[in-house]
Amino acid sequence: MVSFSEQVESLRKAAEEALKGASDLAALEQARVTWLGGNSQFNALLRQLGTLPKEERPIAGKVVNQAKSALTELLESRKDDLERKAALPKELSDFTLPGRRMRFGSIHPLTQVTNDIIRIFRKLGFVVANGPEIEDEYHCFDALNTPADHPARDSQDTFFIADLTETKAKKQLLRTHTSSVQIRVMEKQEPPVRIIVPGRVYRRDTVDATHNPTFHQIEGLYVDKGVTVGDLKGTVEFVLKELLGNEVKIRFRPHYFSYTEPSYEIDFSTSMLRKMGKEWLEIAGCGMVHPGVFEKMGYDPEIWTGWAFGFGIERIAMMRYGINDIRLFYENDLRFLNQF
Ligand code: DAH
């Protein structure tokens with residue numbers, strides 16, 4: 001007759017083989033139920049312990065328990081192995097295959113908005129012009145009807161470039177607005193003119209949620225025969241609706257710029273702005289080009305009329321994306337940039 005210990009031993013071997021042979025977690029669980037579960041032969045043997053003669057029981061009990069704990073240990077280690085295997089890719093990677101496209105980054109929100117504005121103006125026949133950021137006083141102020149003693153200069157506290165001012169006939173400075181490029185274009189080109197000028201400008205401003213010493217503008221200049229304020233309003237409305245949606249409202253407020261007459265500031269209103277707690281936000285200066293500017297450029301103001309404007313790009317971007325602090329644009333914080 002087969003002894004109790006021999007029965008335990010043969011069961012242990014069979015169970016061991018089953019646990020080792022399980023090729024995935026489901027098969028292992030199946031083996032556990034069969035060999036170690038409540039209805040397994042192992043448990044049947046444990047129950048038989050009580051029927052053995054008293055003197056055999058301690059040894060038999062020890063044998064069964066040893067076998068059971070050995071099998072439990074094996075079960076755990078097999079489980080670990082199979083779990084690790086399940087987490088691995090099914091097939092080895094071929095690292096010579098062309099890779100999946102990585103995320104290299106995204107276009108900065110200010111650049112996105114600028115590109116969109118350019119695209120909209122292109123539909124209206126405008127072309128992009130550029131000018132230097134280090135500008136001279138003549139192009140930045142004098143040619144725009146703002147001589148040295150003009151009070152309007154005060155509002156554009158300026159970064160002058162000290163070293164160059166001594167040797168150059170014209171003082172140099174970081175341009176305070178993109179309006180200087182109007183002059184550069186008119187110097188070179190006969191009318192008609194239809195340009196926009198995206199670019200960076202500099203002012204001696206304090207830094208807070210809505211101000212920064214450098215920001216971006218987009219300038220526009222349209223010169224032709226019979227151009228009116230009505231064209232200006234229609235153009236601004238079309239562009240802002242394309243940019244910010246049809247619900248945008250605009251209003252023109254009378255203002256003063258030395259290079260336009262009449263001059264206006266443009267305010268706009270959107271639901272996003274109202275959500276941010278404001279009804280109207282100033283977004284641009286504009287007006288009909290002053291005849292004095294045309295005369296300096298050799299354009300006959302009796303023949304040519306035109307309008308010009310300068311928009312703040314940051315403000316448009318803030319409104320479009322619901323950004324409440326201008327400094328976020330310049331901090332290069334990936335948590336911010338990854339959202340665009
Ligand atoms: N240059 C002005 C500024 O920086 C904005 C501006 C006003 C531009 C009137 C223009 C204009 O072209 O006609 O605030």
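Note that ligands are numbered from 1 as they come in the structure, with each ligand's atoms numbered from 1 the same way.
With 3.5 Å as the limit, one finds no donor-acceptor pair spanning the side chains of E135 and Y202. Side-chain contact annotation: H290 with N145, donor-acceptor N/O pair under 3.5 Å present.
Cluster membership for V201 and V113, using ILVMFWY side-chain heavy atoms within less than 4.5 angstrom, is shared.
Between atom 3 (C) of ligand 1 and the options Q182, E219, R203, the minimum heavy-atom separation is to R203. Considering each of F215, Y259, F309, the one bringing a non-hydrogen atom nearest atom 2 (C) of ligand 1 is Y259.
Contact annotation for S179 and ligand 1: only side-chain heavy atoms (C-beta onward) come within less than 4.0 Å of the ligand. By the criterion of a heavy-atom distance under 4.0 Å, neither the backbone nor the side chain of E261 is placed next to ligand 1.
Of the polar atoms of A308, at least one N or O is found under 3.5 Å from an N or O of ligand 1, judged by distance alone.
In the vicinity of T260, heavy-atom distances shorter than 4.0 Å reach the ligand 1 atoms 13 (O). Every atom of ligand 1 is numbered from 1 in the order shown, and the set under 4.0 Å from a heavy atom of G310 is 6 (C), 8 (C), 10 (C), 12 (O). When each atom of ligand 1 is checked for a heavy atom of F257 under 4.0 Å away, the hits are 7 (C), 9 (C).
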- Does the pair H177 and L144 meet the rule for a side-chain contact (heavy atoms from CB on, under 4.5 Å), with working shown? CA-CA 11 Å; H177 51 189; L144 289 161; 3.6 Å; yes

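Among the candidates R122, K123, R119, the single residue satisfying the salt bridge (Lys or Arg N to Asp or Glu O under 4.0 Å) test with E242 is K123.
Taking the centre and axis of the six-membered ring of F160, the NZ or CZ atom of K171 falls inside the cone set by 45° and 6.0 Å.
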